[in-house]
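This is the structure, below, for whatever I ask next.
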Protein chains: 2
Amino acid sequence: MQRIFEALASAPRRRILAILAHGEMSAGDIAARFEMTRASISQHLSVLETAGLVVGEKRGQFVFYRQVPDSLVNTLAGFVQEACPIGRPLRHESAARARRQKS
Amino acid sequence: MQRIFEALASAPRRRILAILAHGEMSAGDIAARFEMTRASISQHLSVLETAGLVVGEKRGQFVFYRQVPDSLVNTLAGFVQEACPIGRPLRHESAARARRQKS
DNA sequence: TCGATATTTAGGCAATTACTTAAATGCCGA
DNA sequence: TCGGCATTTAAGTAATTGCCTAAATATCGA
């Protein structure tokens, strides 16, 4: 929980998650999308992995990273449930609030 | 966005949000729930307010804080949409993933 | 108006973060 | 087995964070 939110506090790390939303990718290919050294990206990946948001799998010369399913969304959903005004299931929040605000 | 995730990276600040989920509360009453000086809580409240997650309203001697509706949930929902494997609406995530995992 | 209460602001300090460059590790193919 | 590529680890540095204490600001009630 703490580690997940710390991981999400960094824009490059959020961007890495967005990239990995489309499928796995090697560390080098990820790094190629940033203007930052490979070492720095490796550190970001390690933060994400420690938080349990991604896993890296070494295949030959490369390390392929992918998202851990559920981890992110479950944490955020759980947090929203205790941090948002009670009695408002996550799935209805947007519409329900819009209605309430209008009236 | 950046400010919101930075705000959420702190456990005390997340706890403040959870407290304010039940309704508004004065800065002092919030601070009373923490083992931390009022000055520190005031700083946390200021971070949350700068992020647009809460607003403080001065009434007499007190400043009452409350959550800004939608702000948190909309940001998180928007982020999940681009950071999670595509084609999975937030409202179905938990159940759908549970089913998928079972099969 | 005075003294007490509520809150914020200012200044300082220790710990952490986010980069960097350089070196180490591991795997591949000639 | 050697040279080269992919990646991580190590070490250093500048900037930021989170807390504190002390001081400032504003409001209340007598």
Side-chain angles (χ1 to χ4, degrees), chain A residues 1-20 23-68 72 75 79 83, chain B residues 1-20 23-68 72 75 79 83:
Chain A
M1 175 96 187
Q2 179 58 36
R3 283 188 203 282
I4 287 181
F5 278 104
E6 275 166 7
L8 296 181
S10 145
R13 285 193 293 263
R14 289 196 303 276
R15 209 175 122 202
I16 289 173
L17 286 175
I19 288 171
L20 294 182
E24 69 173 20
M25 189 177 288
S26 75
D29 283 355
I30 295 170
R33 306 199 167 199
F34 291 82
E35 297 193 339
M36 199 184 296
T37 63
R38 292 177 173 95
S40 295
I41 294 297
S42 178
Q43 286 159 356
H44 282 306
L45 286 167
S46 147
V47 170
L48 289 168
E49 188 160 34
T50 298
L53 292 173
V54 309
V55 280
E57 184 188 353
K58 183 153 197 170
R59 292 209 297 272
Q61 215 166 354
F62 303 91
V63 179
F64 289 93
Y65 283 89
R66 60 173 174 276
Q67 278 201 40
V68 171
L72 175 61
T75 297
F79 170 65
Chain B
M1 175 95 189
Q2 178 59 36
R3 284 187 202 281
I4 286 182
F5 278 104
E6 276 166 6
L8 296 181
S10 144
R13 286 195 291 266
R14 289 196 303 276
R15 209 175 121 201
I16 289 174
L17 286 175
I19 288 171
L20 293 182
E24 70 172 19
M25 190 177 285
S26 75
D29 283 356
I30 295 170
R33 306 199 168 200
F34 291 83
E35 297 192 339
M36 199 183 295
T37 63
R38 291 175 174 96
S40 295
I41 294 297
S42 178
Q43 287 160 356
H44 283 306
L45 286 168
S46 148
V47 169
L48 289 169
E49 188 160 33
T50 298
L53 292 174
V54 308
V55 281
E57 183 188 353
K58 182 154 199 171
R59 292 208 297 271
Q61 214 167 356
F62 303 91
V63 180
F64 290 92
Y65 283 90
R66 60 173 175 275
Q67 278 200 41
V68 172
L72 175 61
T75 298
F79 170 66

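Numbers restart at 1 for each chain; the letters A, B, ... are given by sequence-line order, proteins then strands.
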Is the shortest side-chain N/O distance from B:Ser40 to OP1 or OP2 of D:dG18 below 4.0 Å?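 It does not, given that no N or O in the side chain of B:Ser40 lies less than 4.0 Å from OP1 or OP2 of D:dG18.
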
Can you find a side chain N or O atom of B:Tyr65 that sits less than 4.0 Å from OP1 or OP2 on C:dT8?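 Yes.
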
Choose from D:dT8, D:dG18, C:dT5 the nucleotide whose nearest atom is closest to any side-chain atom of B:Gln61.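 The listed nucleotide nearest to B:Gln61's side chain is C:dT5.
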
Identify which nucleotide among C:dT7, D:dT7, D:dT9 has an atom closest to any side-chain atom of B:Ala27, counting heavy atoms from C-beta outward.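 The answer is C:dT7.
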
Nearest of C:dT7, D:dC20, C:dC19 to any side-chain atom of B:Thr37?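 Out of C:dT7, D:dC20, C:dC19, the nucleotide with an atom closest to B:Thr37's side chain is D:dC20.
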
Hey, does the side-chain of B:Glu6 have a donor or acceptor N/O within less than 3.5 Å of a partner on the base of D:dT17?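 Checked by distance alone, the answer is no.
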
Rounded off to whole Å, could you give me the CD1-to-C1' distance for the B:Ile16 and D:dG18 pair?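 Nearest whole value for this atom pair: 13 Å.
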
Shortest side-chain distance from A:Phe62, nucleotide among D:dA6, C:dT21, C:dT7: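 Within the option list, the nearest is D:dA6.
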
D:dC20, D:dG18, C:dC19: which one has an atom nearest the side-chain heavy atoms of B:Gln43?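 That would be D:dC20.
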
Which sits closer to the 5' end of DNA chain C, A:Val47 or B:Ile41, going by the nucleotide each is nearest to?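 Residue closer to the 5' terminus by nearest nucleotide: B:Ile41.
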
Among C:dT21, D:dG18, D:dC20, the nucleotide that comes nearest once only the side chain of B:His44 is considered: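 Side chain of B:His44 sits closest to D:dG18.
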
Quickly work out the A:Met36 CE to C:dT21 P distance and round it to whole Å.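 To the nearest whole Å, that distance equals 13 Å.
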
Hey, does the side chain of B:Arg38 come within less than 4.0 Å of C:dT5's phosphate (OP1/OP2), counting only N and O?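 For B:Arg38, the contact criterion (side-chain N or O under 4.0 Å from OP1 or OP2 of C:dT5) is not met.
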
Which nucleotide in D:dC19, D:dT8, C:dA18 has an atom nearest any side-chain atom of A:Ser10: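 For the A:Ser10 side chain, the nearest candidate turns out to be C:dA18.
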
Counting heavy atoms from C-beta on, name the nucleotide in D:dT27, D:dT7, C:dT21 closest to the side chain of B:Lys58.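 Given the options D:dT27, D:dT7, C:dT21, the side chain of B:Lys58 is closest to D:dT27.
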
